[in-house]
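Comments concern the structure below.
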Amino acid sequence: MAEGKQLRSFVEVGRDSHFPIQNLPFGVFRRRGATEPPRPAVAIGDFALDLAAVSDAGLFNGPLLAGSACFRQETLNMFLALGRPAWKEARATLQRILAADEPVLRDNEASRKKCLVPMSDIEMLLPIMVGDYTDFFCSVHHARNCGFIFRGPQTPVNPNWFHLPIGYHGRASSVIISGTDIIRPRGQGHPIGDAQPYFGPSKKLDFELEMAAIVGPGNELGKPIDINDAEEHIFGLVVMNDWSARDIQAWESMPLGPFLGKSFSTTVSPWIVTMDALKPFACDAPKQEPEPLPYLAEKNHVNYDIPLEVWIKSKEQSEPSIVTKSNFKHLYWTLTQQLAHHTVNGCNLRPGDMFATGTLSGPEPESLGCLLELTWNGQKEISVGNSTRKFLEDGDEVILTACCKGEDYNVGFGTCTGKVLPAIP
């Protein structure tokens, strides 16, 4: 089926919607007040298309999905494990049954009411069981700025950074769905002079504008994924806020890296936008110098043109204020390079694993992806509505969003939000 502006759905989709028929991102929902278990869905306009109901109606009739139980699960993990042929079959089926000229749902009121659920009637849940979560550090602008702040101008970016995607193992248990409140973490901070280290609520709570890739089939232990096969193992992307307590992080990170400064909460947007939906927005990735080693040298070296924004709404404001505009295309190490590097030692990835890009800062002052950079570690303030910020304050709501602009349609991610609550006494 042809994709692009000529593709239309019988479901009315507003011009500014993130979720036209060209997108169809996957998520998991529960009807408000219902006792039934969570169900997979795709977003179409202001509705969730219930994939369990579509399956029960016999509409998944292709060779890979007919009779499959993958959409009768409470997460998408089983579907992810089926791999790209099944993902493409599902997308083709869904675009066909939602098309303006297809009567199977359009003209069957009973089926339509079972399958299409208003977004206002549902709550979104974490769409996957996250087995493992890895956080990379793949924006050269973010790496350079952090180096300047913490090490000075001599070597702002360590030499190894240009040879491999730097990453660390994050905490899967605290990956949470958009809309979940964030309790200000407590921990240790740098001592002043000869005093004991500070202990208490973080004084430097920050957001990090990231995106995270969701892993499909994965690989067996001991069997790396070739760089040119890596895209077959990436289902799609979500927007991610990797909340960071900079004072806790700075004190604890030598020599093993982040721990409590990061592990308290990681928020993801509820809808996974597939790589197939993002294909029209592929663009050249930055030229890499020096050339990467052969296992990271890819034939198809691409990023995606995904505009990103961060907004902050303080408890005194009725409307949020924009603080950052960046773009996924600035990523130095691509998603496929990250995945190939992750497995080159034989590490096994599993369906539903998640790996994140690191903070997605761009080259311009307004494109910096965290307050650490925007305020230069608290040395200056930024405007947020009628107030100013060095770091996040209690009551602040942080709203991340991403949306690709097509010709007369969008492919968007919705929002990734969280509100900061006071530390537990």
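Side-chain contact check for L205 versus E393: every heavy-atom pair is 4.5 Å or farther apart. In this structure the side chain of N377 never reaches within 4.5 angstrom of the side chain of L371, judged on heavy atoms. For the pair R31/R39, no side-chain contact is recorded, criterion being any heavy-atom separation below 4.5 Å from C-beta on.
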Kindly list each side-chain donor-acceptor pair under 3.5 angstrom involving residues 255-265, sequence neighbours excluded, with atom names and distances?
| from | atom 1 | to | atom 2 | distance (Å) |
| --- | --- | --- | --- | --- |
| K262 | NZ | E208 | OE1 | 2.6 |
| K262 | NZ | E208 | OE2 | 3.1 |
| K262 | NZ | S244 | OG | 2.8 |
| S263 | OG | F259 | O | 3.2 |

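Aromatic ring centres of F60 and F71 lie closer together than 6.0 Å. Less than 6.0 angstrom separates the ring centroid of F137 from the ring centroid of H142. Annotation: F26 is in aromatic contact with F235 [ring centroid separation under 6.0 Å].
Taking the side-chain contact (heavy atoms from CB on, under 4.5 Å) definition, one finds that P165 meets it with F136, C138, L296, W333, Q338, H341, sequence neighbours left out.
Salt bridge present: D408 and R8 bring a charged side-chain N and a carboxylate O closer than 4.0 Å. Looking at R72 and D56, a side-chain N of the basic residue comes within less than 4.0 Å of a carboxylate O on the acidic one, giving a salt bridge. Taking 4.0 Å as the cut-off between side-chain N and carboxylate O, K405 and D305 do not count as a salt-bridged pair. For K88 and D276, the salt-bridge test passes: some basic side-chain N is under 4.0 Å from an acidic carboxylate O. Look at K325 and E366 and you find no salt bridge, because none of the NZ, NE, NH1 or NH2 atoms lies under 4.0 Å from a carboxylate O.
More than 12 heavy-atom neighbours from other residues, nucleotides or ligands sit within 6.0 angstrom of CZ on R84. A 6.0 Å sphere centred on CE of M129 holds no more than 12 heavy atoms belonging to other residues, nucleotides or ligands. Within 6.0 Å of atom CZ in R15, 12 or fewer heavy atoms from other residues, nucleotides or ligands are found, so the atom counts as exposed in its surroundings. Open room surrounds CD on E220; 12 or fewer heavy atoms of other groups in view lie less than 6.0 Å from it.
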* **Derivation and outcome, side-chain hydrogen bond (donor to acceptor under 3.5 Å, both in side chains), residues Q337 and Q288** => CA-CA 12 Å; Q337 288 177 317; Q288 295 177 325; 2.9 Å; yes
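Both tests pass for K203 against the ring of Y198: distance under 6.0 Å to the centre and angle within 45° of the axis.
Relative ring orientation between F162 and Y332 is described as perpendicular, the plane-to-plane angle rising above 60° on a 0-90° scale split at 30° and 60°.
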